Amino acid sequence: MSENEKQESVHFIKEIVNDDLASGKNDGRVATRFPPEPNGYLHIGHAKSICLNFGLAAEYGGTCNLRFDDTNPSTEDVEYVESIMQDVRWLGFDWEDRLHYASDYFEDLYRFAVGLIEKGKAYVDSQSDEEIAAQRGDFYHKGKESPHRDRPARESLDLFGRMRAGEFEDGEHVLRAKIDMSSGNMNMRDPIMYRIRHAAHHRTGDEWCIYPMYDFAHGESDAIEKITHSICTLEFEGHRPLYDWYVREIGFDQPPRQIEFARLNLTYTVLSKRKLLQLVDEDLVQGWDDPRMPSISGLRRRGYTPESIRAFCDRIGVAKRDNVVDVSLLEHCLREHLNDTSPRAMGVLRPLKVVIENFPEDEVIWFDCPNHPEDPSMGTRKVPLSREILVERDDFREEAPKKWFRLSPDREVRLRYACLITCRDFVKDDSGEVVELRCTWDPDSRGGSAPDGRKVRGTLHWVSAAHAVPATVRLYDRLFLQENPMEAEDFKSTINPDSLEVLEGCRVEPSLAGTEAGSRCQFERLGYFCTDAKDSRGDALVFNRTASLRDTWAKIEKKMRSGSTSAPSSSRGS
RNA sequence: UCGGGGAUCGUCUAACGGCAGGACGGAGGAUUCUGGUUCCUCUAAUCUAGGUUCGAAUCCUAGUCCCCGAGCCA
């Protein structure tokens with residue numbers, strides 16, 4: 001153990017693993033699994049589980065399987081298994097040859113069930129679901145035993161066989177474990193092991209018409225795969241006694257151990273498959289991979305990096321208490337990685353024309369601009385300056401507020417990496433809107449600094465009007481206005497109406513022409529962007545804003561405004 | 001009225017009977033050709049009440065509050 005390095009925290013699951021290793025349990029093996037049900041897309045909450053399971057295996061030199069928990073054919077689909085595999089891979093994890101499906105074990109599971117019937121530990125119940133539900137009792141009252149509970153094993157075996165053979169309709173019979181109808185734990189009140197479902201399964205087709213329930217399939221699949229630590233979320237805590245019961249009664253020798261941790265919650269975010277599906281189905285977003293979605297595919301399309309998501313999962317920790325992580329931590333991890341890795345470029349979102357009056361008509365100066373101010377190894381690119389340029393509309397104010405060091409009449413600013421210009425005049429259109437600035441440049445300031453060493457506080461991004469490339473830019477903001485959308489009467493009522501703003505007519509520097517879809521850059525002073533994986537083409541660029549840069553000026557201005565007037569500003573943007 | 005789990009800065013997370021620490025956020029400052037980055041400083045917590053102990057976030061007792069559980073979902 002190194003003493004001076006930042007000590008990685010040992011969360012409670014690692015403690016358990018350490019203890020098991022120390023006591024020689026499982027022959028020193030560590031085997032985990034990530035067990036998604038293929039009935040939806042993965043989201044950032046799943047990423048926590050993926051990082052935990054694969055991370056643990058990697059850290060201890062063990063293995064982590066990918067296993068689809070596909071025991072319910074009516075909700076599952078191959079569309080989901082494909083997206084899940086893509087997402088896990090994208091996050092940076094590899095299950096190698098350990099791809100499994102619970103459905104691969106249907107035959108084993110059936111055999112186990114027969115064994116339990118023979119042992120007198122399971123029976124076929126032939127009541128309706130209403131009757132069974134009524135007999136189960138509630139939290140305060142014990143359940144009643146089914147009239148079929150003591151049906152001879154022979155009879156159950158026969159019925160179970162005919163259930164499999166397809167002799168019955170859905171719901172006519174179920175297979176139940178014979179445990180304890182008076183248990184305080186509802187899961188132990190003779191839980192259902194198998195139900196009849198005449199439905200095509202995405203992998204086994206029509207081979208089966210009975211399907212095992214989660215409880216009967218999950219632990220057994222773990223045991224078959226020789227999983228040592230079966231990690232799941234807190235809501236399965238009450239299932240653990242049942243998990244252990246099945247594994248014990250079937251008689252596995254090195255039974256896996258189920259360990260529960262608290263699932264991730266994020267502020268201003270909804271992380272329930274059902275709610276996310278609702279957003280998609282009701283067209284409140286444009287699909288599962290809408291860049292505003294917390295789905296892995298949405299984050300990917302938004303421009304998130306796998307590294308930043310992994311870093312986030314490392315930092316949030318693993319514990320058992322309910323938690324709501326501030327989404328700003330996710331954004332912090334994102335910016336941290338993007339700052340290091342994104343090449344810089346200049347793009348103007350809302351262009352304002354600037355004429356540099358004393359700049360020769362036909363001259364073009366090509367400046368070598370560093371692609372990253374702190375990392376020379378990222379090289380340089382050429383950026384042209386000519387007489388007419390475009391700057392950000394927001395960077396000019398007819399009347400400069402306090403602490404303003406951008407453009408305003410008679411103010412001198414720097415064009416990043418190019419030169420110093422001073423605003424001499426401005427032109428308004430009939431509606432009173434400023435449409436053009438008249439400036440002069442200091443020819444001795446080529447490169448961006450004046451020979452006399454005078455300080456110029458403001459530095460602006462810019463593009464040469466004649467050379468700039470047109471682009472569409474999509475500005476994304478958080479999808480929900482309320483910190484916990486689930487606390488709203490209806491979570492949809494707190495959807496941010498301005499979560500997407502599409503800007504046409506943006507202009508970016510010519511080095512970006514032909515940029516392939518999905519590549520990332522930082523537009524200086526604005527934020528991190530990526531070309532949209534679906535809609536961007538080399539000759540028709542579409543940028544998604546992944547994250548804005550921290551905006552200290554916005555903060556200052558907000559403070560000044562709220563200090564002088566009573567109007568609170570609502571500047572947001574991530 | 002039952003069973004299971006959990007309570008530490010605003011948020012997330014450490015501590016394993018011995019100085020309550022880190023990160024995010026927030027506030028302030030330094031540096032800066034991005035009002036970015038970086039750096040520095042500050043901010044702020046042990047659910048309550050008793051007990052054990054030289055010493056308690058940690059152990060004991062009693063409360064309080066929160067989460068999960070009555071699908072032929074996972």
Side-chain angles (χ1 to χ4, degrees), chain A residues 6-7 9-11 15 35-37 39-40 69-72 74-76 125 128-129 132-134 136-143 170-171 173-176 183-189 191-197 210-211 213-215 217-218 232-241 260 262 264 267 273 315-333 335-336 339-340 344 346 370 372-374 403-406 413-418 420 447-449 456-461 483 522-527 548-557:
Chain A
K6 219 185 297 171
Q7 195 77 26
S9 97
V10 176
H11 54 70
E15 262 174 25
E37 184 191 11
N39 69 346
D69 227 336
D70 54 350
T71 57
N72 184 359
S74 30
T75 57
E76 296 155 7
D125 196 344
S128 68
D129 50 354
I132 291 176
R136 187 155 16 238
D138 58 31
F139 298 148
Y140 315 116
H141 304 283
K142 295 178 176 178
D170 287 9
H173 305 278
V174 288
L175 183 69
R176 291 231 256 169
S183 172
N185 182 345
M186 304 284 291
N187 296 124
M188 301 300 272
R189 323 247 259 227
I192 290 166
M193 295 167 62
Y194 270 91
R195 75 287 215 190
I196 300 171
R197 206 61 129 230
I210 57 171
Y211 293 92
M213 298 287 292
Y214 164 84
D215 287 297
H218 198 97
C232 63
T233 41
L234 249 29
E235 67 270 25
F236 292 101
E237 216 151 15
H239 293 243
R240 182 160 18 100
E260 312 84 12
L264 170 70
T267 56
K273 267 189 202 174
R315 290 212 206 179
I316 56 177
V318 178
K320 295 196 74 158
R321 54 179 161 264
D322 294 335
N323 61 86
V324 185
V325 176
D326 198 322
V327 73
S328 66
L329 179 60
L330 212 211
E331 292 166 350
H332 169 82
C333 294
R335 291 193 180 101
E336 186 175 57
N339 178 53
D340 288 346
R344 310 292 131 121
M346 289 193 284
H372 195 294
E374 279 101 33
K403 297 185 187 171
W404 177 262
F405 34 87
R406 279 120 95 150
V413 300
R414 174 168 30 246
L415 298 181
R416 169 134 250 222
Y417 297 135
L420 302 176
S449 46
V456 176
R457 283 300 305 271
T459 298
L460 308 187
H461 58 281
E483 183 166 319
Q522 182 203 92
F523 285 146
E524 298 224 26
R525 303 210 309 132
L526 295 175
S548 64
L549 253 28
R550 260 210 189 67
D551 192 346
T552 309
W553 165 249
K555 247 184 229 177
I556 294 171
E557 197 172 35

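In what follows, chains carry the letters A, B, and so on, assigned in the order in which the sequence lines appear, proteins first and then strands, with residues in each chain numbered from 1. Since the structure is predicted, the reported quantities are computational estimates derived from the model, not experimental observations.
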What's the closest nucleotide to the [X] side chain, out of [options]?
| X | options | value |
| --- | --- | --- |
| A:Arg416 | B:U34, B:G4, B:A74 | B:U34 |
| A:Ala319 | B:U13, B:G35, B:C72 | B:U13 |
| A:Arg457 | B:U32, B:A23, B:G6 | B:U32 |
| A:Glu237 | B:G5, B:C67, B:G35 | B:G5 |
| A:Val174 | B:G25, B:C72, B:U34 | B:C72 |
| A:Glu15 | B:A74, B:U34, B:C16 | B:C16 |
| A:Met186 | B:C72, B:A70, B:G26 | B:A70 |
| A:Asp326 | B:C72, B:G10, B:G5 | B:G10 |
| A:Arg195 | B:C12, B:G36, B:A74 | B:A74 |
| A:Asn323 | B:G35, B:U13, B:G6 | B:U13 |

Looking for any heavy atom pair under 4.0 Å, which part of the strands does [X] touch: base, sugar-phosphate only, or nothing?
| X | answer |
| --- | --- |
| A:Met188 | nothing |
| A:His461 | nothing |
| A:Lys403 | base |
| A:Phe405 | base |
| A:Asp138 | base |
| A:Pro241 | nothing |
| A:Val456 | nothing |
| A:Thr71 | sugar-phosphate |
| A:Gly238 | nothing |
| A:Arg550 | sugar-phosphate |
| A:Thr233 | nothing |

Do the side chains of [Y] and [X] get nearer than 4.5 Å, heavy atoms only?
| X | Y | answer |
| --- | --- | --- |
| A:Ile132 | A:Val174 | yes |
| A:Arg406 | A:Trp404 | yes |
| A:Glu37 | A:Asn72 | yes |

Nearest-Å distance for atom pair [atom1]/[atom2], residues [X] and [N]:
| X | N | atom1 | atom2 | result |
| --- | --- | --- | --- | --- |
| A:Glu37 | B:A74 | CD | P | 6 Å |
| A:Arg525 | B:U37 | CZ | C1' | 15 Å |
| A:Glu331 | B:A23 | CD | C1' | 16 Å |
| A:Phe523 | B:G35 | CZ | C1' | 20 Å |
| A:Tyr194 | B:C73 | OH | P | 14 Å |
| A:Leu234 | B:C68 | CG | P | 10 Å |
| A:Ile556 | B:G29 | CD1 | C1' | 13 Å |
| A:His332 | B:G36 | NE2 | C1' | 14 Å |

Practice task
Output yes when A:Glu237 and A:Lys320 qualify as a salt bridge under the 4.0 Å nitrogen-oxygen rule, no when they do not.
Solution key: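 Yes, this pair counts.
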For nucleotides [N] and [M], find the distance between their [atom1] atoms and express it as a whole number of Å.
| N | M | atom1 | value |
| --- | --- | --- | --- |
| B:C72 | B:A14 | P | 36 Å |
| B:A57 | B:A20 | C1' | 8 Å |
| B:A45 | B:G26 | C1' | 16 Å |
| B:C66 | B:U61 | P | 23 Å |
| B:C60 | B:U53 | P | 16 Å |
| B:G55 | B:G18 | C1' | 7 Å |
| B:U31 | B:C9 | P | 36 Å |
| B:G10 | B:A44 | P | 10 Å |

Handout entry: Under-4.0 Å side-chain N/O to phosphate OP1/OP2 contact, A:Arg189 with B:A70
Key =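 Answer no for this pair, as no side-chain N or O of A:Arg189 is under 4.0 Å from OP1 or OP2.
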Handout entry: B:A27 OP1/OP2 closer than 4.0 Å to side-chain N/O of A:Lys555
Key =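 Answer is yes, contact under 4.0 Å.
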Exercise for the section: Name the residue closer to the 5' end of RNA chain B, choosing between A:His173 and A:Gly458 according to the nucleotide with the nearest heavy atom. Expected result: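 It is A:Gly458, whose closest nucleotide lies nearer the 5' terminus.
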Exercise for the section: By nearest nucleotide on RNA chain B, pick out whichever of A:Gly184 and A:His218 is the more 5' one. Expected result: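 The answer here is A:Gly184.
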Please confirm whether any donor atom in the side chain of [X] sits under 3.5 Å from an acceptor in the base of [N], or the reverse.
| X | N | result |
| --- | --- | --- |
| A:Arg321 | B:U8 | yes |
| A:Arg406 | B:G35 | yes |
| A:Glu374 | B:G36 | yes |
| A:Gln522 | B:U34 | yes |

Problem - Complement of B:U1, any strand, by Watson-Crick or G-U distances under 3.5 angstrom - result: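 Its partner is none (no Watson-Crick or G-U wobble pair with both distances under 3.5 Å).
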Handout entry: Evaluation steps, salt bridge (charged side-chain N to carboxylate O under 4.0 Å, His left out), between A:Arg315 and A:Glu336
Key = CA-CA 13 Å; A:Arg315 290 212 206 179; A:Glu336 186 175 57; 2.8 Å; yes
Practice task
Test salt bridge (charged side-chain N to carboxylate O under 4.0 Å, His left out) on A:Arg176 and A:Asp125 and set out the steps.
Solution key: CA-CA 7 Å; A:Arg176 291 231 256 169; A:Asp125 196 344; 3.1 Å; yes
Practice task
Check the chi torsion on B:G71 and let me know: syn if it falls within 90° of 0, anti if not.
Solution key: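 Here the answer is syn: the torsion falls within 90° of 0.
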Handout entry: Donor-acceptor pair, side chain of A:Arg189 and main chain of A:Arg136, under 3.5 angstrom
Key =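 Indeed, once roles are kept as given, a pair shorter than 3.5 Å links the two residues.
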Problem - Stacking check A:Tyr140 vs B:U1 (5.5 Å / 30 deg) - result: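 Stacking between A:Tyr140 and B:U1: present.
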Exercise for the section: Would you say whether A:Phe139 stacks on B:G69? The test is a distance between ring centres of less than 5.5 Å and an angle between planes of less than 30°. Expected result: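 Ring-base stacking flag set for A:Phe139 and B:G69.
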Practice task
Please check if atom NZ in A:Lys273 has more than 12 non-hydrogen atoms from other residues, nucleotides or ligands closer than 6.0 Å.
Solution key: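 More than 12 within 6.0 Å, yes.
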Handout entry: Under 3.5 Å side-chain donor-acceptor pair for A:Arg525 and A:His461
Key =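 A donor-acceptor contact under 3.5 Å links the two side chains.
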Problem - Criterion side chain to side chain contact (heavy atoms under 4.5 Å, CB included) on A:Leu549 and A:Gln522, from CA distance to verdict - result: CA-CA 9 Å; A:Leu549 253 28; A:Gln522 182 203 92; 3.8 Å; yes
